[in-house]
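Scroll down for the structure; my scribbles are underneath it.
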There are 4 protein chains.
Amino acid sequence: MSTDQPATLRVAEPDPEESEGRRERILSAAAELFAAQGFDAAPTSRIAEQAGVPKGLLFYYFPRKRDILTTLLEERIPETPGLQAAQAVVAGDPAASLVRLADLVGLSRHESVVLRTILFRELGTLPEITTYVERLRRNLLTLTEDVVMGSAARPIPRETAHKIAQTFVAVLLDDANTQRYGGEGPDLRAAAEIMALAVDRCAAPL
Amino acid sequence: MSTDQPATLRVAEPDPEESEGRRERILSAAAELFAAQGFDAAPTSRIAEQAGVPKGLLFYYFPRKRDILTTLLEERIPETPGLQAAQAVVAGDPAASLVRLADLVGLSRHESVVLRTILFRELGTLPEITTYVERLRRNLLTLTEDVVMGSAARPIPRETAHKIAQTFVAVLLDDANTQRYGGEGPDLRAAAEIMALAVDRCAAPL
Amino acid sequence: MSTDQPATLRVAEPDPEESEGRRERILSAAAELFAAQGFDAAPTSRIAEQAGVPKGLLFYYFPRKRDILTTLLEERIPETPGLQAAQAVVAGDPAASLVRLADLVGLSRHESVVLRTILFRELGTLPEITTYVERLRRNLLTLTEDVVMGSAARPIPRETAHKIAQTFVAVLLDDANTQRYGGEGPDLRAAAEIMALAVDRCAAPL
Amino acid sequence: MSTDQPATLRVAEPDPEESEGRRERILSAAAELFAAQGFDAAPTSRIAEQAGVPKGLLFYYFPRKRDILTTLLEERIPETPGLQAAQAVVAGDPAASLVRLADLVGLSRHESVVLRTILFRELGTLPEITTYVERLRRNLLTLTEDVVMGSAARPIPRETAHKIAQTFVAVLLDDANTQRYGGEGPDLRAAAEIMALAVDRCAAPL
DNA sequence: AATGAATGAGAATTCATTCAT
DNA sequence: CATGAATGAATTCTCATTCAT
């Protein structure tokens, strides 16, 4: 009885190496290496080695090397679908709202950084990547625009909100891009404050 | 007779193929190919072919392949040295000034795009590239800050100018990055207008 | 309850896919693929796929890949055992007799062509194949010689009949070989007529 | 002076291994191996080894493995172009003429046998091979027909000559095919005699 | 100074075969 | 009996780099 469930669990995940599942370990190792050296420069043999699996297994799961990359896109990269503008809105405080939004989309969450690095590096080599990045920008645009509209103390023209969104999304993406190489990027909080000033200025009847 | 051979030498330069100099042609061909397919995916043989020079010559001028890349960085990438903030300033009109600045630094001039593409793609692989991009950002920051300060109708705090500069430079760089793959990036003019609103709001005594 | 399972077993055979038996389906698929692309170029995985059986089953029935080939030779290639010269003989008409013989041995029957293709292609790689082809030629020689002797209007020397047989069998085999690639081979009827002329000439007292 | 020409020659071909030229040695080694084990089963590494050249050189001369095969076809396989029917004709003796023709086309000359082996084996895999074999058959047909017409003691109908040619060419090709595996093929002399009988029979007014 | 033939260290990928279940 | 996940040896091919001339 006490052996029932525990036994299964104990046997299922016993080997520390097996804890993640071999297919997943290949994906993780590949993500790490693609990010560090680029897709072309990362040999499949190294991926297998780092994942601790035989070389043949890579091609059992992913017939061609690029399938590893596209699978990474499909399975590992978080979309922003569930995210609602309302979750970020701090009524009457656009600056705080935008900072919160940035936090929620989490482009700079560590786990994301590795994948984002691959994304920005390999941009333009695979159509899938271009498509993904374009969709990401569009999603962020809509989200940001809604947050700006929703958090403004007084109503502002949608057109202005749109321009602000364009600006802020660029900052968001430039920030993500900067993190690829650990450089000093834009200050998200500062940008949010500037956006708030613009909101304020344009809302004010003057 | 003795004049015969020298004549050939004298004529050597006008040859259209020779017009640019073989070393330069190698660099141009490499730039094109690195941008199009990435550093790793561009074979030296293709570079030689496209440059119209024998393969051996590549390694005569550039002992290792990566030397072509670093030379490209050193010799071909325009710095922003001569540029003075004053050249961009349109007194009293921050928006126009920023647009003008963007134009002057010319990150999106066609010639630049090729090199920028390489830069952003190979970011993180060569330390030289990281160094260059960081310097570029710093230069742009200073320049932008000065332009904002110089074009504001009424004085604004330097701290605010700094934040605006951070924001606008991010937009500038995100725009440059977008051009790598021909995607739709931020609208520079819109961003400039937003910056102007912020300047206005913060300058206004309210 | 106890009838439940057995019922399933009883129904097992009618399944259209099962109609031929899985082992037979493997052989058929292999024959097709070996003929189309050659033994080496036909992967076992494709054979299994085309046969609609799991890959493991191949090696259950045929421990090594070449066992599929040898089994094909043993079980699928029609010998000419039952065939009697008398069945082909049209008395007094050697030409018609030879054409009839060609028809009876049926080297060019569609089903045979596939196997013959493999045979001629893989000739020299497996000793079994060489043996088979040599036996085939000998059988055909005897058969043809008898048909020539039996159909000649007037008696001819066995030696001449032997030479005619050698010639006609060569035509038969060259014809079979030609069908491998769908090329235009010899005209069997024309060859038979020529043989008849020779018979006639040598039988005639002049 | 005396050192001038001889020196060059002496240095040019000194190494016994170099005597044939490396590119040629690759082709010879490949021919041998393709004939012995088939195109697919002969690894490029073995070819290089047998030719005594580094593996990379194969791909320097022949970018893809199949280029070795097609080059063999283009450069090593003797066409029958210069051959004139007249060269084989022994007036009034069709049998001798046909034997002589067989000798002149030399399908069974040792050097040819290796290449012919490849040809017949790989028939159907490369279109170039099919084309070549079809052209060969056509050339032989014309040649044989002319020899038959030219050597007949008394005139015979061209149609009959054509049928005889079809028959004899089939024997020729079957003979070549047989030599692939060292089996016992048709007797060319016997076939020639039979052809002569047919010529005789059909020329005779009876 | 210039060149192109040559090389060998890998690269991605394939595939027959094994074996635990 | 049957299976499909797993493996590693082998294969074709690429390419930066060298070097004799």
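Throughout, protein chains are lettered first and strands after them, A, B, ... in sequence-line order, and every chain is numbered starting at 1.
Screening C/L27, C/L57, C/T70 for a side-chain contact (heavy atoms from CB on, under 4.5 Å) with C/F62, the sole residue that qualifies is C/L27.
Checking F/dA20 for Watson-Crick or G-U wobble geometry (two distances, each under 3.5 Å) identifies E/dT3 as its partner. In this structure, E/dA12 and F/dT11 make a Watson-Crick or G-U wobble pair, each of the two defining distances being under 3.5 angstrom.
What separates CG of D/L58 from C1' of E/dA5 is a distance of 15 Å, to the nearest Å. Protein atom CZ of A/F34 is 12 Å distant from nucleotide atom C1' of E/dA12, rounded to whole Å. The CG atom of A/L57 sits 16 Å away from the C1' atom of E/dA12 (whole-angstrom rounding). At whole-Å resolution of the value, CZ in D/R23 and P in E/dG4 are 18 Å apart. If you measure from atom CD1 of A/I47 to atom C1' of E/dG10, you get 15 Å, rounded to the nearest angstrom. Taking atom CD on A/E49 and atom P on F/dG8, their separation rounds to 14 Å, with Å as the unit.
Side chains of D/R121 and D/Q37 form no contact here, defined as non-hydrogen atoms less than 4.5 Å apart. The shortest distance between side-chain heavy atoms of D/F34 and D/I68 falls below 4.5 Å.
Crowding of B/R46 atom CZ: a count of heavy atoms from other residues, nucleotides or ligands under 6.0 Å not exceeding 12.
If you take CG on A/L69 and CD1 on A/I129, they are separated by 4.5 Å, rounding to the nearest 0.5 Å. The line from CG of B/L119 to OG1 of B/T130 is 9.0 Å long, rounded to the nearest 0.5 Å.
Residue whose closest nucleotide on DNA chain E sits further toward the 5' end, between D/Y61 and B/Y61: B/Y61.
Listed candidates were E/dT3, F/dG8, E/dA6. Nearest to the side chain of B/R22 is E/dT3.
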Between protein and nucleotides 12-21 of chain F, map the contacts as a letter string: B base, S sugar-phosphate only, - none, heavy atoms under 4.0 Å, written 5' to 3'.
SBBSBBB---
